[in-house]
Structure formats: structure tokens, C-alpha cells
Peer 1: 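Right, I'll just put the structure down here and ask away after.
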Amino acid sequence: MDQLKNYINGEWKSSSSTQNLSVHNPATQELIAKVPYGPDTAKDVNKVIEYAHQAYLEWKDIPAMKRVQPLFKMKTLLENHKEEIAKLITSECGKTYTESLGEIQRAIENIEVACGTYVMNQSEFSENIASGIDEFMIRQPLGVCVCITPFNFPGMIPFWFLPYAIATGNSFILKSSEKVPTTMQYVFDLIHNNIDLPKGILNLVHGGKESVDAMLQHPDVKAVSFVGSTNVAKYIYSEGAKYGKRVQAQGGAKNPIVIMPDADIEMTTKIITDSVYGCAGQRCLAASLVITIGDDKNYKEALVEAAKSRKVGYGMEAGIEMGPVISKESKTRIEELIQKGLSEGANFLVDGTQKKVSGYENGHFLYPSILENIPLGKEFISTEIFGPVMSLLNFKSLEDSIQFINSGRYGNMACIFTQDGLSARKFRNEAMAGNIGINVGVAAPVAQFPFSGWKDSFFGDLHAQGRHGIEFYTQTKVVIERWPKNWSRTF
Ligand code: NAD
């Protein structure tokens, strides 16, 4: 199998690195790609930045209305090829085919919103701020913008950034996750073959830390968008700032959902179970901490039943509701974290470990687990699991649960299930998270709203998507103009 190529300046080019990482289908173990890796990938990055910088110098002067035209075509291209893209996502990432299709829909919606960039990016104008003097603010592009993405949404997350960056007049370099490199390889090839974009505006490079460091250190890179784990997000944020770049870095999560005693059991159980186990728990907006208030007997029984009945298997097969986790390392990490929780005093309500999927015995499968009696303030309760594990907690009151939620490290999402408006209102006002769900299990903002968390779930200021995307990828310039009626007047 040949090594994947980089897409640089409108052409597919071999990497400078002869070192590879092998990528396997997490369900079947089939080898699906060899991705360039190691120190020499930095050479590829330095080369692509040069081309991207040259491309930006021309692209920035193209009228905004013209710059969005390729995005209209990109939307249609993704719609027409969503089945092939979804198959690739499932084969490299493990989620079900239906989940993969949903992911592409989210990507398309971001392209649609970015198509309106020339409307959202209009200048602000004040006439006669003093006699004969007008003042206005325009937004101009930054230059070369880079984007570093995680494994869990290979088809969607690049589109939180890509369409906004190029619509506003920048050039863009994507470094996709080395764990899932084939989806964007395919999408970039579609773009290459079908869309007439100037060379060097869209680029794709592979690699890991070495590629990223080369991006962070290069003077021609002006903005860095990152999505991934919190420790790396913090590193990207501080390192990017050290080299004078604009940075938005989205990190990990440990999302709570509160179930009030008046919540509808059937609806709540269905939605919460989908939130915890959808994408095998590998969503930054997956619920992890499920918190009941007061008597929880009925909810507990319903959640246990729902966890046990979830159909686990290869995501391409009909009826499968949950695929494998991404890798052997990830499965081992999750199992070790569960063991840590048990050693700290928790117990299983449902044990989803040590099970095999028939026909896919070597796949990285975990079945849904539920732990209860989890001690607070210890490692298990405060660590991101990123797997199909529910931590069931019980508090006496909504106030106690909010206090617990706000004491946590992360702030990506917090949800409440209730039929009481006052409880919902209190929760939405007081819970410290960037995304709040009220009777919603995955509070994922649609493309016109900003996407990001609070606390250790996000480092930066302007978030992904929508108007924030446009603001992130542009810098403001204020112009003050004097046009006196009488030039000879003495000032
Ligand atoms: P990761 O942090 O391991 O990798 C993300 C990217 O960073 C990859 O492209 C990788 O090559 C690069 N990278 C890894 N280590 C690096 C280092 N030391 N220096 C520089 N670059 C490095 O994350 P992952 O395992 O691919 O994804 C899962 C994580 O992403 C979870 O923590 C999840 O919560 C988070 N996530 C967050 C959001 C959000 O919106 N907040 C969305 C999706 C995923």
C-alpha cells in the first residue's frame, strides 16, 4: 500500500518523510492507509506554508462574492458524495454509517453558512462623527491559517473552519488526525477534481507533533485552529501565543446531565442513552456524568435496561447502534480508567468490558457500561473517559448538582431534563458550560452559532463556526476620513 500524499499548491505530492503510521479499521483490523509521520513531515509543512502564503497574496484581493462561489460547489459535491464519505468515516473511525452521514450533514451546514460571509462581513460605518469626518471599520483576512483536527469527526470538524477561512480571503492548511487520514484525503481529491480554486488556497498535510510544531513556529502562519485533547490544546494555545499567532484551541470534556424527578422517564432515558453511547462515547459533547436528583430507582432501572439493549457491532451493518472505539490503546486506557474507578470504590451497574463482537473478535469493542457509587474528588470522576461509560451520580438537590458541575475542570456542555421552567432557567443561568441543553442530550450548536466550551474545554476567545469563524479569520481596520467642504479653512 502506498503512503498517503500531501495536497500542496493544487497537486498531490509525496511526503519528505519515509516514516509511516499504519491505519487500521477499528472494527475489522483491515489495513486502510499508511500515513506519513515523523520529523521529516516538518519539511512538507514548511514547503506548503510558502505556497499558501503566495496564494493568499492574490486571493485576498478577489471580491468576497467571488470567493464564496467555490463553496456553493463544495456543498453540492459533499451532498453528491455523502455515501462514499460516510463509508470512509465509518471504516477509519468506527462510528455507525448513520452517525457518519449525520456528521457530513453538519459539515455541509457550515459550508452553507459560510456562503453568506460577504453579507455577515459587511463594514460598519458612522457618518459625520465630526463635521466632514466619517469613520468606518473593515475586516481584512489574516494570511495563512492552519487547522489541526482530532480523530472523532474526520469529516465534520475541518468544516468548522475551512469554509470561513477561505471565504474571508485567507489560505488554509489542514493537518488532519493521523488516526483518521483517509476521509479528508478523499474530500480534498473531490475538491481537486471538481472545483476551480486557485492553487495553494486549500492544502492538506499529514503527520503528528512535528508537523504541528512546524506550523506553530513558522512566521507566515497567522492563525491556528485546534480541536483535540485538553493537554494538547493548552500546548497549542501557549506555543501559538509565544510565536505571535491568533489561536482558538478546543479541548476535552466531561459532560454532565441532570435528571430532575419530574423528567419524563421514557424520553429522558432514550435521549441520555444516545448521548452517552452515541459514537461509542467519543464525542466532545457526549454525556459522561448522569446525575439524578432525589429518588432515582425508576431512572436507574430504565438506564440499565437501555444500556444492556444497545446493539454493538461493525458500524456498516444494519441495525448496529454503537461501533468500536478508535484503537487498542484507547480501549486499554478506558478499561484501565474503569479499573481505577472500581479501585476507588465505585461498582458496576452494567459491565460492558470483556465482551467480544462475533465475527469481529479483534475489533476494539467495548459494550455500554454504567458505574455507580463513585467517590467525588478522585481520579475517575474527574478524568475524561471518551468511551461508552456512564457515571451515575445522585444529589439531594439541583443546587448541589450545579455546585458539583461547576467545581469540575471542564465546561463543554451541561444538560438538564425537567418539565419545570424554573429549574431549567436556574440551570441555564448558573451551570458553567459553553453549551447548555434543556431536554436535549447533545447540545451541539448548529452552524450559525459559535461552537466551543468554557474552562479547560477551550482556550482562546473567538469560537468555531458562524460569525465567530468570520471574526476569527479577519482583523479589523478602522479608517477615519476627513473630506472638508472648504479645504482652505484653518484648523
Ligand atoms: P489529540 O489531542 O490526541 O490529537 C488532536 C490533534 O493534535 C491531532 O491532529 C494530533 O496529530 C495533534 N497532536 C497530538 N499530540 C500533539 C502534541 N503533543 N503536539 C502537537 N500536536 C499534537 O486528540 P484526539 O485523541 O485525536 O481526539 C480526542 C480529543 O479531542 C478528546 O479529548 C475530545 O474531547 C477532544 N475533542 C474536543 C472537541 C471540542 O469541540 N471541544 C471536539 C472533538 C474532540
Peer 1: If you measure only the distance, is there a donor-acceptor pair under 3.5 Å linking the side chains of Asn152 and Gln282?
Peer 2: no
Peer 1: Heavy atoms, side chains only, cut-off 4.5 Å: are Asp274 and Val442 in contact?
Peer 2: no
Peer 1: So does Val221 get a backbone contact from the side chain of Lys245, meaning a donor-acceptor N/O pair under 3.5 Å?
Peer 2: yes
Peer 1: Within 45 degrees of the axis of the six-membered ring of Phe153 and under 6.0 Å from its centre: does Lys95 put its NZ or CZ there?
Peer 2: yes
Peer 1: side-chain contact (heavy atoms from CB on, under 4.5 Å) for Ile405 and Val258? Distances and angles first, verdict last.
Peer 2: CA-CA 10 Å; Ile405 289 167; Val258 173; 3.8 Å; yes
Peer 1: Should we count CG of Asp2 as having more than 12 external heavy atoms under 6.0 Å?
Peer 2: no
Peer 1: Is the backbone N or O of Leu289 less than 3.5 Å from a side-chain atom of Asn255, with the two atoms forming a donor-acceptor pair by type?
Peer 2: no
Peer 1: Strictly distance-based, threshold 3.5 Å: is any side-chain N or O of Ser22 a donor or acceptor partner for the main-chain N or O of Lys34?
Peer 2: no
Peer 1: Would you say the side-chain atoms of Asp134 pair up with the backbone N or O of Glu481, donor to acceptor, closer than 3.5 Å?
Peer 2: no
Peer 1: Only one of Leu285, Val227, Val446 passes side-chain contact (heavy atoms from CB on, under 4.5 Å) with Phe451; say which it is.
Peer 2: Leu285
Peer 1: Using the salt bridge (charged side-chain N to carboxylate O under 4.0 Å, His left out) rule, take Glu329 and Arg333 through it: C-alpha gap first, then chi angles, then the decisive distance, then the call.
Peer 2: CA-CA 6 Å; Glu329 295 71 38; Arg333 183 189 55 75; over 6 Å; no
Peer 1: As a quick check of understanding, evaluate side-chain contact (heavy atoms from CB on, under 4.5 Å) for Ile257 and Ser275, giving each step before the final call.
Peer 2: CA-CA 9 Å; Ile257 290 192; Ser275 175; 4.1 Å; yes
Peer 1: Test your reading of the model: is there a side-chain donor-acceptor pair from Asn412 to the backbone of Gly434, 3.5 Å cut-off?
Peer 2: no
Peer 1: Step by step, work out the side-chain contact (heavy atoms from CB on, under 4.5 Å) result for Gln248 and Phe459.
Peer 2: CA-CA 6 Å; Gln248 49 181 193; Phe459 304 91; over 6 Å; no
Peer 1: Do Thr117 side-chain atoms and Ala114 backbone N/O form a donor-acceptor pair below 3.5 Å?
Peer 2: yes
Peer 1: Hey, mind stepping through Leu197 and Trp59 against side-chain contact (heavy atoms from CB on, under 4.5 Å) and telling me if it holds?
Peer 2: CA-CA 10 Å; Leu197 259 172; Trp59 184 241; 3.8 Å; yes
Peer 1: Grab the two heavy atoms, one from Tyr243 and one from Leu216, that are nearest each other, plus how far apart they are.
Peer 2: CB-O, 3.3 Å
Peer 1: Please list all pairs meeting ring pair (Phe, Tyr, Trp, His ring centres under 6.0 Å) that have one or both residues in residues 195-232, counting only residues at least two apart or in different chains.
Peer 2: none
Peer 1: Answer yes or no: does atom CG of Asp196 have more than 12 heavy-atom neighbours from other residues, nucleotides or ligands under 6.0 Å?
Peer 2: no
